[in-house]
Amino acid sequence: MTVLPKFAVERWTRASAVSGGVAVAVVAALAVLPLIGGDNLVDKLTTLFVYVILAAMWNALAGYAGLVSVGQQAFFGVGAYFAIRCSVAGVPPYPALIAGALIATAVAVPLSYFMLLLRGGEFSIGMWVLAEAIHLLVNLDPLIQGETGTSMIALNAYAHETRLAANYWLALAGMVGLLGAIFVLLRSPFGASVQAIRDDEEAAASIGVSVQRAKRTMFVLAAFGCALAGVLWLATSVTFQPKTNFGVQWTAYMILMALVGGLGTFEGPILGAVLFFLVQDQFAETGVAYMAGLGTVAILFALFAPRGIWGEIEKRWNLRLLPVGYFLRPTGPPKPDRRSK
Amino acid sequence: MTSEAVAILEGAGLSKSFGALTVLDNVDFTLRSDEAVGIVGPNGAGKTTLLTVLSGGLRSTGGVVRFRGADVTAVGAAERSRLGLVKTHQVPRPFSGMTAFENVYVAATAAGGLNGRGAHAACVEALELCNMLHVANRRAETLGLLDRKRLELARALATSPSVVLLDEIGGGLTDEETVQLVETIREMRRRGMAIVWIEHIVHVLLQVVERLVCMVSGRVIADGDPKAVMADPVVVEAYLGSGAT
């Protein structure tokens, strides 16, 4: 008589339990930092959190859902625009910032019905066109004065230190909340369906996946994340200039961070954002050569290490700190192939 | 076949055209809930198109598809798979960046409506039935043809289907691999699934099916007892060529 194999589905490893604990401790330490740290550090870390949000959003969209957007600056810019509009209408500055991100998300819902009719390269370019169209529409608002732009003056009502700390906490909460939301989403059955769509949309539909609904959820989530990053950027810079806030460089940064860190891995974009932040901090003043250097790095990664730094680490050491996948472990004979991915 | 068995899947007057090219020409097709039906015919006869129209992957130009008596003509493939009607692909279409287990898990949750341990158990069962447990943790892009074919079948099984449409699942397999496949399909029959199977390897097909349909140029030219159909001079002429007689 054959002995029937018994299996357990493993979703956490010892390494992931440890790293989950470390992540909680790091967040707790970061949360109290403004009470002890210098203004400069708080300001710089706020920028880092914005980068992490952007990288994680682009990775959720392209790395997991297969929606390669070159127009995420649309939501980065329009979130800031709506925040200024709310502020001018009398809403206090911080509620106005959050309202700006939420209104941009609300705008993303009807847009998704049109944009998600496009596939592959059409979607990528379509998103860029959409971003330019929104940019031009915002320029038509007399408040913005075309490319001259405007400022969210109400933010100046706060003392400099208070504003720095508030921005920091808002960015930290946004980053932790969004990373947590993506993590929970990817570990759910919905996350598996989204990845199936990325790999083969028609095959996913043939086994019950509601393709358009899943894509819409990811599109709207990424729009919210990018809009939140956009209002955080406005909170730190105070000024709003359409050319800057709707600049395609934001999406270029997102692509670079996700690609270098590890597209389609949860940890990769966080690593990519930290590296990008360090490089930006050192070399941003070098101008055109710096941009050309970033482009070269992105191309080299796309060609020779398409799974990015974290992808290579995963492959070499089979290390998954915050796993979203499933591992079938035998609890009785016979054993499955452990050669893994 | 029992007298109580009812038609679980019906296609009535199905037509499908791509521009000026008519691929299905007024095809009637019925499958009873306790039946395994084979479909044979030369390349370009419209076999895959018929299965794709029945599964909802393509919308027919004319005609009606009924599943369990309900008109599902306007219902898409995702919804039909949730109702219990699923099709495998002629050329395997794995989710290449996911493991074999994760591929099957998508089917168990999205179409099977399962979650948690129930979904895990259904996946293990489907993988086991298809002899795939030893590669459960391998990314699908690293699997060979045999395992990709098995994965198509395992994914379909994990949807908890009542009707499985198989499109050349045996193509390209060795004799030994085919024996395993036939055993798996027999097990599916024992579990109460109705099957429609397109296959060019007729001797394999005849080990499983009770009824055979022959299609030529988008039409059904014979339908009945497999041996009788294969002996029908019209089938011999159209499918095997006049030199075969």
Side-chain angles (χ1 to χ4, degrees), chain A residues 2 4-11 63-66 186-214 263-265 306-307 311 314-315 318 323-341, chain B residues 52 55-57 76-83 85-89 92-117 119-121 123-125 127-128 132-142 152 155-156 158-161 165:
Chain A
T2 350
L4 282 177
K6 287 195 187 315
F7 289 92
V9 176
E10 186 181 270
R11 309 214 59 204
Y64 282 104
L186 289 177
R187 277 177 64 88
S188 73
F190 174 82
S193 292
V194 164
Q195 293 173 71
I197 294 170
R198 171 198 65 195
D199 289 347
D200 191 327
E201 200 169 306
E202 278 176 36
S206 77
I207 52 166
V209 175
S210 303
V211 172
Q212 287 304 103
R213 198 167 58 189
L263 195 61
T265 65
R307 289 175 58 75
E314 265 191 0
K315 205 163 98 182
N318 199 19
V324 295
Y326 301 77
F327 190 86
L328 198 61
R329 179 179 291 288
T331 54
K335 290 179 177 178
D337 188 350
R338 286 292 319 248
R339 276 172 291 161
S340 84
K341 301 187 180 191
Chain B
T52 314
S55 71
E79 182 59 26
R80 287 191 208 185
S81 72
R82 289 194 281 266
L83 294 170
L85 170 60
V86 70
K87 172 183 169 293
T88 64
H89 299 96
R93 299 178 73 163
F95 306 130
S96 51
M98 306 172 79
T99 66
F101 180 88
E102 288 163 355
N103 266 262
V104 178
Y105 183 76
V106 174
T109 51
L114 300 168
N115 53 42
R117 286 179 187 220
H120 297 164
C123 294
V124 170
E125 194 182 347
L127 289 169
E128 190 181 14
M132 287 201 76
L133 275 174
H134 63 293
V135 291
N137 296 318
R138 288 255 304 268
R139 278 166 78 97
E141 66 191 355
T142 68
E152 278 289 329
R155 243 173 22 187
T159 64
S160 311
L165 311 177

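A, B, ... follow the sequence lines: proteins, then strands. Residue 1 opens every chain. Bear in mind that the values here come from a model prediction, so they are computed numbers and not experimental data. As a basis for the values below, the full set of heavy atoms in this structure was taken, side chains included, without hydrogen atoms, waters or symmetry mates.
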| message | More than 12 heavy atoms of other residues, nucleotides or ligands under 6.0 Å from CZ of A/R11: yes or no? | response | yes
| field | Largest heavy-atom contact set with chain B, pairs under 4.5 Å, which of A/A203, A/G264, A/A196 | value | A/A196
| query | Under the salt bridge (Lys or Arg N to Asp or Glu O under 4.0 Å) test, which residues partner A/E314, sequence neighbours left out? | reply | A/R307
| A/D200: salt bridge (Lys or Arg N to Asp or Glu O under 4.0 Å) partners, not counting sequence neighbours | B/R93
| said: Counting C-beta onward and ignoring hydrogens, is there a side-chain heavy-atom pair between A/I197 and B/F95 closer than 4.5 Å? | reply: no
| task | Taking the side chain as every heavy atom from C-beta outward, state whether A/V9 and B/F101 have any pair of such atoms under 4.5 Å apart. | result | yes
Please give me the minimum heavy-atom distance between [X] and [Y], naming the atom from each residue.
| X | Y | value |
| --- | --- | --- |
| B/N103 | A/I207 | O-CD1, 4.3 Å |
| B/A111 | A/G208 | CB-CA, 3.9 Å |
| B/S81 | A/A205 | OG-O, 4.3 Å |

| said: Determine whether a donor-acceptor pair (N or O, by modelled atom type, separation under 3.5 Å) exists between the side chain of B/E102 and the backbone of A/Y326. | reply: yes
| Short question: side chain of B/N137, backbone of A/L328 - any donor-acceptor pair under 3.5 Å? | yes
| Checking heavy atoms, do the side chain of A/A204, its backbone, both or neither come under 4.5 Å from chain B? | both
| task | Please report the C-alpha distance between A/R198 and B/S96 in whole Å, then the side-chain angles of each, then the deciding distance to 0.1 Å, and finally whether the side-chain contact (heavy atoms from CB on, under 4.5 Å) criterion is met. | result | CA-CA 10 Å; A/R198 171 198 65 195; B/S96 51; over 6 Å; no
| remark: Given B/A107, B/A121, B/A77, B/A108, the one with more heavy-atom pairs under 4.5 angstrom with chain A than any other is B/A107
| Should A/S206 and B/K87 be marked as a side-chain contact (heavy atoms from CB on, under 4.5 Å) after you check the CA-CA gap, both sets of side-chain angles, and the distance that decides it? | CA-CA 7 Å; A/S206 77; B/K87 172 183 169 293; over 6 Å; no
| field | Between OG1 on residue B/T109 and CZ on residue A/F190, distance to nearest 0.5 Å | value | 11.5 Å
